[in-house]
Amino acid sequence: MFANIEDVALRRQLLIALALVGATTGLQLLLSLFIGARTPFMFFIPTVALAAALLGRLAAAVVLFAGVVYGVYILGPTYEFWVDEPADRGALLAFVVVGTLFGYLGDRVRLISRRARSAEAALSTERVNSERDTLATFQEMFDQAPGFMTMLRGPDHVYVLENESHRNFHGHRNVIGIPIRQAFPELAGQGIIEILDDVYRSGVPRTAYGVPVQLRRQPQAEPEQLYMDFVCQPLRGKAGQVMGIFVEGFDVTEQKVMRDALRVADAKATEADQRLQLAVDAAGLGVFYCPLPLNHIYWNDTCKAQFFLPPEAEVDAELFYSLIAADDRDNVKEAIRRAVEEGADYDVEYRTVAPDGRSRWIRAKGRVYRGGDGTPARFDGITIDIQQQKEAEAALQTANRQKDDFLAMLAHELRNPLAPISSAATVLMRSNHGDEQVLRMSQMIDRQVKHMAGLLDDLLDVSRVTRGKIVLDRAPVDLKTAVADAAEQVLPLIKKRSHQLTMHLAPERTVVSGDAKRLVQVFVNLLMNAARYTPEGGVIDLLLSVDDGQAEVQVRDNGIGLKAELIPQLFDLFVQGERAVDRQQGGLGIGLSLVKRLTELHGGTVAVHSPGPGQGSRFIVRLPLAEPALVADAAAQADASAPAKRITIVDDNEDAAQALAALLRASGHKVTVEHDPLVALNNAAVTPAEAFLLDIGMPVMDGYTLARRLRELPATRDARIIAVSGYGQEQDRQQALSAGFDALVVKPADLERLSALLD
């Protein structure tokens with residue numbers, strides 16, 4: 001209290017000094033009754049010192065003056081202001097000297113006290129600043145920890161300190177200075193607070209893993225289900241008593257979800273394994289956990305087995321990379337680098353290699369998890385044994401090749417008998433025998449042969465398209481011509497079913513860059529589909545329009561329509577709508593699949609709409625228009641007929657050879673037929689032909705060898721050599737060109753195409 005008296009106003013200081021004088025005077029008068037009046041300065045001297053120490057020099061002077069007045073009054077004649085005895089004057093002088101000395105000493109005490117207080121205040125300020133800096137440094141280090149940390153004080157667990165990870169975990173609530181029960185009321189009954197109470201009460205640390213907790217991370221939001229690992233460490237005072245708790249932990253919700261997903265996947269895989277009675281675990285899931293930077297790696301037993309390691313093996317990065325096939329190692333390293341540095345998903349396939357040379361295909365999926373500051377903290381994921389999948393893929397590829405080979409052989413074997421039938425029908429139709437019945441039968445045979453050839457073409461086209469073997473012979477194509485050609489091909493079926501076909505063609509230019517034959521095939525399939533699935537006497541509309549740089553072809557009908565659930569899969573292979581028992585619609589269910597794939601090869605799209613069963617369908621094909629500079633004027637091209645040529649046909653199938661010869665002779669060509677390749681080669685050296693039509697699959701010498709031998713003869717080196725074969729896939733065409741053929745024509749031969757090639 002006395003340390004601040006000097007800060008009181010001067011007036012009040014004087015009043016306090018006068019109060020001291022009054023008290024001292026009263027005490028002196030009272031005691032003078034017992035000790036006599038000749039000792040008037042007994043209490044004034046310490047009072048001077050006290051006034052100087054408390055209030056300073058002015059107060060001390062007031063008290064000293066009051067003492068002098070009191071002494072003069074007492075030492076002279078009683079109660080008179082007069083000092084007549086020398087001893088009295090000496091006593092008065094001694095009081096002044098001693099009082100002055102005590103006043104000085106008191107003033108020194110006051111100054112020393114003031115300086116001590118100033119030094120103490122400065123020291124306290126420095127200590128506070130130092131503690132504040134230390135706390136700030138500690139908080140900065142605290143915030144950099146990858147897991148969450150917090151300090152709680154007292155039995156109510158009041159939040160004293162927390163790091164950024166802890167704030168992120170609970171949703172940035174204001175918790176400092178608030179008890180945990182008040183900060184997080186939703187924790188009541190979840191076991192977390194009970195653990196803290198036990199640690200505070202017992203002083204024994206507690207560690208818990210995968211603890212479920214429902215926490216409301218956003219105001220008014222529903223509580224989220226989280227999981228955490230944490231350690232509770234008691235904090236003790238100097239006497240050893242528990243003062244608070246330090247909590248450190250990690251949010252392991254994502255790992256928990258991953259582990260649950262793995263367990264679910266493993267359970268499903270086990271169930272599938274039981275159903276299918278497989279000999280190995282269908283799931284084959286391994287789990288890995290890698291603290292970053294990547295060094296030590298934690299694998300479960302399944303993962304170790306996938307790398308040909310025993311369960312007790314310790315794994316680090318060097319061992320991990322050494323167990324990966326050399327050809328796959330760089331790819332894995334790059335995938336890990338991108339995951340760690342760029343945050344990309346880790347999804348990579350590679351082979352693991354055992355010391356004895358065994359290998360296994362593995363697929364690894366995972367991701368990098370980062371701390372509160374964004375620094376990569378750990379790398380978690382799963383591995384799957386995909387060896388069986390790889391073997392199945394290889395087997396499927398083999399099966400696809402075998403299927404394609406079978407289709408090619410089937411087409412070859414079926415086309416061989418179709419070729420002479422088609423040629424014979426054509427010859428009969430061109431002959432002037434006058435028998436209308438023969439003419440009708442010939443036309444019927446020709447139509448059915450073309451239909452069968454079309455089915456074979458569809459089968460082979462599907463095989464080629466699905467394997468990416470179709471190569472478009474691109475040129476400017478006028479869609480008006482293409483849709484007209486398609487309508488002409490489908491017209492017999494339309495007439496047979498008494499349909500009404502109307503065509504609406506846009507006046508604008510409708511030229512696209514594409515393969516004319518394939519585009520006609522697209523529109524033929526759509527028109528055939530409409531004709532087949534529309535009851536007799538139906539209406540079919542074909543509309544060609546131009547919109548925003550796109551040509552649009554619509555084929556509409558009032559047929560049986562489509563169910564909504566069929567539309568999404570309508571363009572899949574072998575998908576058909578409902579058909580009658582008599583199968584009058586026909587087809588293999590591959591036409592629309594070809595339409596979609598061929599349209600997409602041309603950079604276009606195809607879509608289908610139907611209000612429902614019995615309400616018809618509408619198919620829409622959109623194709624990009626060709627650039628005007630690339631459009632050739634098709635009308636300017638003259639249709640010139642090919643001059644007659646000397647042609648040699650070489651085919652071990654006599655019917656096919658003779659039928660084709662009859663066709664070519666009817667077109668004015670001079671044709672020789674040979675069934676033995678060796679005889680044909682010898683005759684070519686003596687009587688060379690201008691063109692050779694060679695079958696491929698002949699005994700003694702196949703067509704490829706014969707073509708190469710003909711190219712070696714000076715007389716036939718420059719002759720036109722064309723392969724006529726039932727093999728019509730892309731690799732067959734490439735092989736024919738490599739053997740020296742100019743072109744390949746698929747049986748039954750298209751006379752117009754053949755005539756164009758002979759020109």
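The first residue of the sequence shown is numbered 1, and numbering continues consecutively from there. Only heavy atoms go into these numbers, but all of them, side chains included; no hydrogens, no water, no symmetry mates.
- The CG atom of Asp557 sits 11.5 Å away from the CZ atom of Arg618 when rounded to the nearest 0.5 Å.
- Atom CD of Glu222 sits in a sparse spot, with 12 or fewer heavy atoms from other residues, nucleotides or ligands closer than 6.0 Å.
- Just one residue in the list Glu391, Lys390, Gln389 forms a side-chain hydrogen bond (donor to acceptor under 3.5 Å, both in side chains) with Gln387, and that residue is Glu391.
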* Asked: Taking it one step at a time, do Val673 and Gln658 satisfy side chain to side chain contact (heavy atoms under 4.5 Å, CB included)?
  -> CA-CA 7 Å; Val673 176; Gln658 294 298 339; 3.7 Å; yes
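- In this structure, His669 contributes its side chain and Leu664 its backbone to no donor-acceptor pair below 3.5 Å.
- Looking only at side-chain heavy atoms (C-beta outward), Asp695 and Val650 stay at 4.5 Å or farther from each other.
- Of the residues listed (Val621, Val512, Thr481), the one engaging Leu519 in a side chain to side chain contact (heavy atoms under 4.5 Å, CB included) is Val512, and it is the only one.
- Here the straight-line distance linking atom CG of Leu526 with atom CD1 of Ile620 works out to 11.0 Å at 0.5 Å rounding.
- In terms of modelled atom types and a separation under 3.5 Å, the side chain of Arg474 and the main chain of Ser513 share a donor-acceptor contact.
- In this structure, Leu544 CG and Leu542 CG are separated by 7.5 Å, a value rounded to the nearest 0.5 Å.
- The minimum heavy-atom distance linking Ala644 with Glu690 is given by the pair O-OE1, 4.4 Å.
- Contact annotation: the side chain of Val746 approaches that of Leu744 to within less than 4.5 Å [non-hydrogen atoms, C-beta and beyond].
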* Check the pair Leu694, Phe741 against side chain to side chain contact (heavy atoms under 4.5 Å, CB included), reporting the backbone distance first and the verdict last. => CA-CA 9 Å; Leu694 309 182; Phe741 285 102; 3.7 Å; yes
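- Contact check for Val483 versus Thr510: no side-chain heavy atoms found under the 4.5 Å cut-off.
- With salt bridges taken as basic N to acidic carboxylate O contacts below 4.0 Å, one links Arg711 and Asp742.
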* Asked: Would Thr534 and Asn558 count as a side chain to side chain donor-acceptor pair (under 3.5 Å) if you check the C-alpha gap in whole Å, the side-chain angles of each, and the deciding distance to 0.1 Å?
  -> CA-CA 6 Å; Thr534 299; Asn558 63 346; 4.8 Å; no
* Working for side chain to side chain contact (heavy atoms under 4.5 Å, CB included), residues Leu693 and Val745 -> CA-CA 9 Å; Leu693 305 182; Val745 175; over 6 Å; no
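- With His499 contributing its side chain and Leu493 its backbone, the two residues share no donor-acceptor pair below 3.5 Å.
- Looking only at side-chain heavy atoms (C-beta outward), Leu479 and Phe523 come within less than 4.5 Å of each other.
- Residue Ser617 holds its OG atom at 11.0 Å from NE2 of His609, rounded to the nearest 0.5 Å.
- Checked by atom type and distance alone, the side chain of Asp702 pairs as donor or acceptor with a backbone atom of Thr705 at under 3.5 Å.
- In summary, Asp347 and Arg363 engage in a salt bridge, as defined by a charged side-chain N under 4.0 Å from a carboxylate O.
- Side-chain atoms of Arg497 come within 3.5 Å of backbone atoms of Ala531 as a donor-acceptor pair (strictly under, hydrogens ignored).
- Formation of a donor-acceptor pair under 3.5 Å by the Arg622 side chain with backbone atoms of Gln550 is not found in this model.
- Put simply, CG on Leu566 and OG on Ser610 are 9.5 Å apart, with the number rounded to the nearest 0.5 Å.
- Nearest heavy-atom pair across Leu758 and Ile647 is CD1-CD1, 3.7 Å.
- Taken from CZ in Arg509 to CG in Asp478, the straight-line distance is 9.5 Å, to the nearest 0.5 Å.
- A pairwise comparison of heavy atoms in Pro699 and Asp652 identifies CD-OD2, 3.5 Å as the closest pair.
- Side-chain contact check for Leu660 versus Leu754: some heavy-atom pair is nearer than 4.5 Å.
- When each of Asn525, Val522, Val595, Leu592 is tested with Phe619 by the rule side chain to side chain contact (heavy atoms under 4.5 Å, CB included), just one qualifies, namely Leu592.
- Val477 approaches Gly514 most closely through the heavy-atom pair CG2-O, 3.4 Å.
- Checking side-chain atoms of Gln615 against main-chain N and O of Gly561 turns up no donor-acceptor pair under 3.5 Å.
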* Decide yes or no on side chain to side chain contact (heavy atoms under 4.5 Å, CB included) for Gln735 and Tyr704, but give the supporting numbers first. => CA-CA 8 Å; Gln735 189 174 357; Tyr704 299 125; 3.5 Å; yes
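- Nearest heavy-atom pair across Met698 and Pro677 is CE-CG, 3.8 Å.
- When every heavy atom of Gln554 is checked against every heavy atom of Glu552, the shortest pair comes out as NE2-OE2, 2.9 Å.
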